[in-house]
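Inspection log for the structure reproduced underneath, given as structure tokens.
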Amino acid sequence: MESYTLVFDNVILNQLKKLGKDVHLRKIISKMLDKIEILGPRAGKLLDTRLQLYEIKMKHPPIRLYFKILEAKKEVYVFEYEMKTSQEKQKKTIKKIKFKAIELES
């Protein structure tokens with residue numbers, strides 16, 4: 001089984017740098033990224049079929065990580081993660097990520 005190559009957005013790179021000494025959260029994010037790398041689209045929930053935009057979530061702590069599959073290149077473009085707070089914040093984040101996903105296609 002061929003694995004996917006992870007490509008990181010500037011936002012997620014900054015978030016990962018800020019994790020610093022938070023070993024617990026770093027481990028969780030790392031496991032999520034490993035799962036995405038191995039399973040690709042099967043790792044998360046499809047949010048937008050046209051854009052191939054997905055989210056993977058954990059319940060404890062409540063984290064959502066957003067990514068886009070570029071199947072032709074076997075790449076996964078990782079956008080950002082957020083701690084789940086409210087539906088409004090989540091909708092705003094997804095809307096912002098959709099714009100980034102559209103830019104990737106052009």
Taking atom CD1 of I36 and atom CD1 of I56, what is their separation to the nearest 0.5 Å?
5.0 Å
Nearest non-hydrogen partners of P61 and I28, listed with the distance:
CD-CD1, 3.3 Å
Side-chain contact test, heavy atoms from C-beta onward, threshold under 4.5 Å: evaluate it for Y81 versus L19 and give yes or no.
yes
Side chains of L104 and K68, heavy atoms from C-beta outward: is any pair under 4.5 Å?
yes
If we only count heavy atoms from C-beta on, is the L25 to I63 side-chain gap below 4.5 Å?
yes
Would you say the side chain of E37 lies within less than 4.5 Å of the side chain of V76, judging by non-hydrogen atoms?
no
Distance (rounded to the nearest 0.5 Å) between L39 CG and D34 CG
10.5 Å
Compare all side-chain heavy atoms of K100 with those of F79 and state whether any distance is below 4.5 angstrom.
yes
I want to check something: taking the side chain as every heavy atom from C-beta on, are P41 and E71 in contact at a cut-off of under 4.5 Å?
yes
How about E75 and T5: does a side-chain donor come under 3.5 Å of a side-chain acceptor?
no
Would you say the side chain of E82 lies within less than 4.5 Å of the side chain of Y66, judging by non-hydrogen atoms?
yes
Would you say that Y77 contacts I12 through its side chain, given a criterion of any heavy-atom pair below 4.5 Å between the two side chains?
no
Should we say atom NZ of K89 is surrounded by more than 12 heavy atoms from elsewhere, each under 6.0 Å from it?
yes
In terms of side-chain geometry, is the basic nitrogen of E55 or R64 positioned less than 4.0 Å from the acidic oxygen of its partner?
yes
Would you say NZ of K84 has more than 12 non-hydrogen atoms from neighbouring residues, nucleotides or ligands within 6.0 angstrom?
yes
For K74, does the NZ atom sit with more than 12 other heavy atoms under 6.0 Å from it, leaving out its own atoms?
yes
Do other residues, nucleotides or ligands put more than 12 heavy atoms under 6.0 Å from K35 NZ?
no
